[in-house]
Novice: 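Please see the structure below; I have some questions.
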There are 2 protein chains.
Amino acid sequence: MSTSQSAHSPAERSAETRARILDAALSEFSAYGLAGARTDRIAAAAGVNKALLYYYFSSKEGLYLAAFELSAGKIRDRSMAALLKGVSPGERILRTALDHFDRILAQHEFQGLMQQEMIRLSKGESKAISILVDRVFGPLQKIYQATFEEGISSGELISVDWKQSQLAVIGANVFYFISAPMMRQLDVADPFDDGALALRRKSLVEFLGQAIFQDRQHGAELACRVLADTPMPAVERDRLPFWRKHERA
Amino acid sequence: MSTSQSAHSPAERSAETRARILDAALSEFSAYGLAGARTDRIAAAAGVNKALLYYYFSSKEGLYLAAFELSAGKIRDRSMAALLKGVSPGERILRTALDHFDRILAQHEFQGLMQQEMIRLSKGESKAISILVDRVFGPLQKIYQATFEEGISSGELISVDWKQSQLAVIGANVFYFISAPMMRQLDVADPFDDGALALRRKSLVEFLGQAIFQDRQHGAELACRVLADTPMPAVERDRLPFWRKHERA
DNA sequence: CGTACTTTACTAACTAGTTAGTTTAACTAA
DNA sequence: TTAGTTAAACTAACTAGTTAGTAAAGTACG
């Protein structure tokens, strides 16, 4: 078909096909979970035959794990970048919080995988999460803790339980997206309007700026700066799973 | 068998059987979702034949909706009670926040249903949520808003965006339980220890007490009082889906 | 010629839902 | 009191459909 015109060597073509399969698998698993995903749909979306999935990945679960790990790797790189910027600890914490929100917006597939994986984990069925904890969240958590404690000992941040504040930020971010489809029904306002998204980003950063800094003036200034030079990512609404309205209307 | 010795009339036995089925269905659907739930398992857990499910409820989805609505009704009654107590608006907001946490702990099945239903809603497949929005969350939201605005105009609360603060509280509460299985792997501390639960409840109420009251002293006192006369519910750990450790060890 | 695929045709396992029949309790007529 | 009748409650066994995964033979192409 038209999909294989660009690459020439067999190795290139192969890598391209593999990537296409992984991409299709990520969408499917994110929307339906491991059990609910259909291998036929993945094959169709990738533009290949079902048998080819088993040629590259030995099983449905193998494909799932490959897609999951690929996505997790991207998450780790992105979050690390925010946590390791050459600015003060407090500013790194602010940037990390905002980046977390933007990341869910930009890589919503991972959030879908996580939601499903949390359910599986609570039943003791998850194989992906231990890898994730060891290679992604564990390391990130350690750097976050170190950053926060550096901020406390340097006098920039107040001596607050970093886990409780992290929980509040991540919880509010994650819940914003989890509950968005219901908020759309509860409310008049659409949570994926640019206005609503901008308000949430602002509230998030300004709240943290007030809550964890010794010098609240300094916190407010940092919040302002972080917001100013982190533009809201453009929302590709038709890629969001929440955006079914326009598909039918 | 021994299950039918207590009730005598057929009507009583029938109602008892129906309730047993609904109870089993709630556990199953909560843990596995509508698609993942197995009718055979529900029948086995209820101690009846599978065909009886279809005798009482016409389909798998009918059974699902019946179980969902039963559970939702309990949630509404409980949350209404917290919002309508004869105390000041600010105290009602505090009690509602704490009650929300305790409610998830006590009625975790509903949270499981909601998690799965949010996923379905984002794909436009949910029939349960519109009922829920109309009959439960919509009315609760209105009372919450009115309570908050009453608190603002009486001068007890600061003039803050009630939706953003509600999002922070509910988000942190929900995320605490969603992420608990992963936190157990990330952390040394178990999030279902009495200590961790007590700390979270305390942080939650004290944070709100500081965040939304004009008179922070008053907020702190209220937080203290609310915590004091709302004892933490006893956690039936073996009913939690998170508690797989002791089942095997 | 070998690598990267496609095509077709399977199967084994599983699951929602059905059917046809049995048991139980309560009521009725002799 | 009791034998007969009925309706509701319940069951065992099956059907029909779906889905992951396989096998084998073949094609396109550098």
Side-chain angles (χ1 to χ4, degrees), chain A residues 1-25 28-29 31-68 116 120 123 125 127, chain B residues 1-25 27-29 31-68 116 120 125 127:
Chain A
M1 291 285 182
S2 59
T3 48
S4 46
Q5 284 174 341
S6 53
H8 295 294
S9 83
E12 280 176 78
R13 277 199 53 175
S14 179
E16 212 177 58
T17 305
R18 226 187 107 101
R20 263 204 337 275
I21 294 174
L22 280 172
D23 197 54
E28 177 76 10
F29 285 128
Y32 299 96
L34 173 55
R38 295 293 163 244
T39 53
D40 289 303
R41 276 201 298 253
I42 295 175
V48 299
N49 190 276
K50 187 173 67 157
L52 200 63
L53 304 186
Y54 293 89
Y55 175 77
Y56 281 114
F57 309 92
S58 55
S59 65
K60 191 191 189 185
E61 195 177 328
L63 176 56
Y64 178 77
L65 289 174
F68 193 95
Q116 314 256 10
R120 299 187 67 219
K123 293 183 289 178
E125 288 172 4
K127 291 176 187 168
Chain B
M1 287 293 181
S2 57
T3 49
S4 48
Q5 287 175 341
S6 51
H8 297 294
S9 85
E12 281 176 75
R13 277 199 53 174
S14 180
E16 210 177 61
T17 306
R18 225 187 107 100
R20 258 198 348 269
I21 293 173
L22 279 172
D23 197 55
S27 298
E28 178 75 10
F29 285 126
Y32 299 96
L34 173 54
R38 296 292 162 245
T39 52
D40 290 300
R41 276 200 299 251
I42 296 175
V48 301
N49 188 275
K50 187 171 61 153
L52 201 62
L53 306 187
Y54 293 88
Y55 173 78
Y56 281 114
F57 310 91
S58 56
S59 64
K60 191 190 189 186
E61 196 177 327
L63 176 56
Y64 178 76
L65 289 175
F68 193 95
Q116 314 256 9
R120 298 187 68 220
E125 289 173 2
K127 292 176 185 167

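Below, read A as the first sequence line, B as the second, and so on, with proteins coming before strands; counting in each chain starts at 1.
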Novice: Checking all strands, does Y56(B) fall into the base, sugar-phosphate, or nothing category for heavy-atom contacts under 4.0 angstrom?
Specialist: sugar-phosphate
Novice: Are any of the side-chain heavy atoms of F29(A) and Q116(A) separated by less than 4.5 Å?
Specialist: no
Novice: Please walk me through it: do L22(A) and L63(A) pass side chain to side chain contact (heavy atoms under 4.5 Å, CB included)?
Specialist: CA-CA 7 Å; L22(A) 280 172; L63(A) 176 56; 4.1 Å; yes
Novice: Closest to the L52(B) side chain: dT6(C), dA9(D), dA4(C)?
Specialist: dA9(D)
Novice: Applying side-chain contact (heavy atoms from CB on, under 4.5 Å), name anything that partners Y56(B), two or more places apart in sequence or on another chain.
Specialist: S14(B), T17(B), R18(B), I21(B), L52(B)
Novice: Could you tell me whether the side chain of E28(B) reaches within less than 4.5 Å of the side chain of Y32(B), counting heavy atoms only?
Specialist: yes
Novice: Summarise protein proximity over nucleotides 8-23 of chain C in one line of letters, 5' to 3': B for base, S for sugar-phosphate only, - for none, counting protein heavy atoms closer than 4.0 Å.
Specialist: -------SBBBB----
Novice: In whole Å, I'd like the distance from the CD1 atom of I21(B) to the C1' atom of dT11(D).
Specialist: 13 Å
Novice: To the nearest Å, give me how far apart OH (Y55(A)) and C1' (dA23(D)) are.
Specialist: 16 Å
Novice: For dA9(D) and T17(B) - does any side-chain N or O of the residue sit under 4.0 Å from the phosphate oxygens OP1/OP2?
Specialist: no
Novice: CZ of F57(A) versus C1' of dT22(D): gap in Å, rounded?
Specialist: 18 Å
Novice: Using a 4.5 Å cut-off on heavy atoms from C-beta on, say whether the side chain of K50(A) contacts that of R41(A).
Specialist: no
Novice: Determine, stepwise, if the pair L65(A) / F57(A) fulfils side chain to side chain contact (heavy atoms under 4.5 Å, CB included).
Specialist: CA-CA 10 Å; L65(A) 289 174; F57(A) 309 92; over 6 Å; no
